[in-house]
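Structure, as structure tokens:
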Amino acid sequence: MGRAEERRARQRGGRRAAPRDRSSRAEAPSSVNESASASTEPAEGVVAGGRAAARRGAKKGAGAKGGKKDKSLIRRIFTWKKVLGTVLGLTVAVIGAVVWLYMSTPIPVGNPDAKLQSNVYKYKGGAILARDGEVNRENVDLAKVPKEVQHTFVAAENKTFYNDAGVDLKGTTRGVLNTLMGKGAQGGSTITQQYVKNYYLSQEQTVTRKLKELVISIKLDREESKEYILAGYINTSYYGRGAYGIQAAAQAYYRVDADKLNVEQGAYLAALLQAPSQYDWAVASETGKKLVQNRWNYVLDNMVEQDWLDKSERDAMKFPVPEEPKADPSQEGQIGYLVDAANAELARQLVATGTADDLKSAEDMVSRGGWNIELNIDKKKQKALEKAVKDQLTSKLDKKKRSVDADVQAGAVSVNPHTGAVEAMYGGTSYTEHYLNNATRTDYQPASTFKPVILAAAFDEDAKTQDGDQITANTLYDGTSERPVVGSDIAFAPQNEDGQNYGDVTVQTAMNKSINSAFAQMGVDVGMDEVLKVGGNLGMDTEDLKAVPAQTLGTMGASPLQMAGVYATLDNHGKKVTPAIIKSAENSAHPSFKRTDPIGEEVISREAADSVTSVLTGVVDDGTAKTSVRDNPLRKGQKVAGKTGTSDDNKSAWFTAYTPDLVTSVGLFGESAKAPHPQTTLTGATSGLSGDAGRINGGGYPAQIWAAYTFGVSTKVSKFDLETDQGAAVQTASPSPTTSPSPSESASSSPSASTTPTDEPTTQEPTTDEPTTDEPTTDEPTGGTSTEPSTEEPSTEPENPPDPQSGQ
């Protein structure tokens, strides 16, 4: 081998060995001498370099403790190339899916009239109550609808309608995600999407429906004009009052054809679409009326913003109050009230269970029919309630003799406290005569029937008086009329009924006599925030109420339905009872629908609820309801707890009470017979029948209706299962009560002190003799004790029960 070849061999050996950390291998030379001279030095260098590299690797490995290996693994898996590739792949897949969906989804043939079916309503047990199904619809050409009125709908629902592609991708995406996560809808649909949903699809809340809605909307916007879509939208939407389409709505609300609508009226109809039942002026609560007026203003302001309406014209516009509704003759009597109440509850349930996107969609689902609805209404109890109202009240009203008699409206609801079932409901004289359901209206004050809520809050929160003593049924409060409350930043000094002063009284006596000054102080002691919170937990609508002492007088709005739910929760030992008029609702198009359970979790402790029940037995047996209830000849020993109430100016009178198995709330409301039917006084109604022209109190006709109904259908005699050691229903040794502070005390004295009152309740059984005739003609009796009522029937019964108006 020549020198050149040997040199090349040595170079090849070195290049191979060093990079591969080989310390002992080299190419074999052709002779021993040559191999020694050619391989000794490089081998040593390789060994040294290999060991150094090994040491450096070991140090790096020991210092990182596996960290760099982990980071290297993550980097190898999530390289920017792989992430970008994944994103691009998903994008392509989504685009492909959308293209496929677009190509494979045709615009279906819309025929909503064919989908409209009858709803069937049944009593509990299956007897038919009512059947509807006639569709009030008349399509009109868009050209016949004034342009300004057309703009009201665009301004209300979709300002970009004339320029968009028919969809709101952001809103639709949000809706799909909310559906997947079970959160419900949050709006965002365009007019095109709403029209597609109304005319081509269903209202249920599913991802499939939302995707179809998106695709069909895009196609429809490409293939049809905006005028075609807008005409379809205003002609297929549901406006309430059984009206489909703008022509039927114009007649239902303003008694004109669609071509005669003005901008103000159009703006109301456009605003109405958001929540037809809530925004219908004839039945809207005060909150509902405020909301629809705000929506009406929103529509007109948007029109100004879009240059569709001159600002000076807009500023001169006044809210157009709709005409009173014309009821369907087939819904006369109580039928219409029951059907409307069932429809409203079903719509709320569809939203609560995620079957419908929102209340508007739910109401449309109900109105489209196909529902087989069994109510909880017990036919026997329903007839008994109607008869009780007629016998005890309406048969005595004579508007020809007394004009005020025409202003008396009655409402009542009866609830099973163990199931939440609404077993009877009285909405008014007749649905065709008085459209508004008095059983569900919330525009009248519950007055003193709110006092048990204050007491429930006191017991549940272990509240204390101003001097730190825990509030019990035996706690003393100052019952002086117009006594300023202590401990409030807001001055309040309520007057007792007829300005009567009571001095120091126990909580039991204060409830029996419905003493305003005592409960005003108790509300401050508990904290009005807590009182309203407990009221909301029990079932009242207290969310937007101001926590001020005046609320202790029950100055908020409430319905007999709500108050029946509150007292049913007390009767059910603190477990929430939400009155349910529907037992079941089936529709072949919505097999997944299931109503929510009307019996909920404990919202106040059992001891607190039972203690309130115990105290409320005193109102019946030794308080404002004793003449109508305790001494009623129909009573066969049934245990009763309840509370009367009479509002300011005698505009409402209440009696809400319960046996262990049935809760019933009865309300009388003064509503002027003349439009627009403002609230008015009940005072003077049926005057002459009782020998006076006085006020209508809760212990009068409301309690008398309650007793005639309850003692007629609830003949079972059972006791309240109470876990409490206080109140009129249990006999306990009376501890030394504590007093609430009195402003008459000196500044240096303690705000309250422990004393033994002279009117301390005794454990003596109450007498069953006829009540004396020197009781005041108010909601409060002149005296009494908080004792366990006698379960023995009177030895003799009067031929006629005492006239409740003469003593309560």
Margin query: Could you check whether Q274 and Y279, counting side-chain N and O atoms only, form a donor-acceptor pair closer than 3.5 Å?
Written below: yes
Notebook entry, point to check: Are Y567 and S665 close enough that a side-chain donor and a side-chain acceptor fall under 3.5 Å?
Noted result: no
Check: Above 12 or not: heavy atoms from other molecules or residues under 6.0 Å from NZ of K381?
Finding: yes
Notebook entry, point to check: Does A580 offer a backbone N or O that forms a donor-acceptor pair with the side chain of N376 under 3.5 Å?
Noted result: yes
Check: Looking just at side-chain N and O atoms, do T613 and Y658 make a donor-acceptor pair shorter than 3.5 Å?
Finding: yes
Next item on the list: May I ask you to decide if R606's main-chain N or O and E723's side chain share a donor-acceptor pair within less than 3.5 Å?
Entry: no
Item checked: Qualifying residue, where the test is side chain to side chain contact (heavy atoms under 4.5 Å, CB included) with S414 and the options are V713, T664, T710, V422 -> T664
Note to self: Can a donor-acceptor pair be found, under 3.5 Å and without considering hydrogens, that links the side chain of W654 to the backbone of Q445?
What the structure shows: yes
Next item on the list: Would you confirm whether N158, through its side chain, and I191, through its main-chain N or O, come within 3.5 Å as a donor-acceptor pair?
Entry: yes
Next item on the list: Quick one: do F519 and M511 satisfy side chain to side chain contact (heavy atoms under 4.5 Å, CB included)? Show the steps, please.
Entry: CA-CA 8 Å; F519 278 93; M511 184 70 80; 3.5 Å; yes
Checklist line | Pair K360 + D358: basic N to acidic O under 4.0 Å | finding: no
Next item on the list: For S361 and K197, test the side chains for any donor-to-acceptor distance below 3.5 angstrom and give the result as yes or no.
Entry: yes
Checklist line | Donor-acceptor contact present, side-chain Q334 to main-chain G428, <3.5 Å | finding: yes
Item checked: Check: E345 side chain, A342 main-chain N or O, donor-acceptor pair, under 3.5 Å -> no
Item checked: Charged N-O contact under 4.0 Å between R368 and D364 -> yes
Margin query: If we count only N and O atoms by modelled type, under 3.5 Å, do the side chains of Y244 and S367 hold a donor and an acceptor together?
Written below: yes
Check: Within the distance-only criterion (no hydrogens, no angle test), does the side chain of T617 pair as donor or acceptor with the backbone N or O of A729 below 3.5 angstrom?
Finding: yes
Margin query: A side-chain contact here means heavy atoms from C-beta on lying under 4.5 Å apart; do Y238 and V366 qualify?
Written below: no
Margin query: Between D460 and K533, does any NZ, NE, NH1 or NH2 come within less than 4.0 Å of an OD or OE carboxylate oxygen?
Written below: no
Next item on the list: For this output row, return yes or no: ring centroids of Y200 and Y195 closer than 6.0 angstrom.
Entry: yes
Notebook entry, point to check: Going by distance alone, is a donor N or O of one side chain under 3.5 Å from an acceptor N or O of the other, for E386 and Q382?
Noted result: yes
Next item on the list: Flag the pair L129 / L375 as yes when at least one side-chain heavy-atom distance between them is below 4.5 Å, and no otherwise.
Entry: yes
Checklist line | Donor-acceptor under 3.5 Å (W706 side chain, A657 main chain) | finding: yes
Next item on the list: Apply side chain to side chain contact (heavy atoms under 4.5 Å, CB included) to Y121 and D132, showing your working.
Entry: CA-CA 9 Å; Y121 304 85; D132 65 14; 3.4 Å; yes
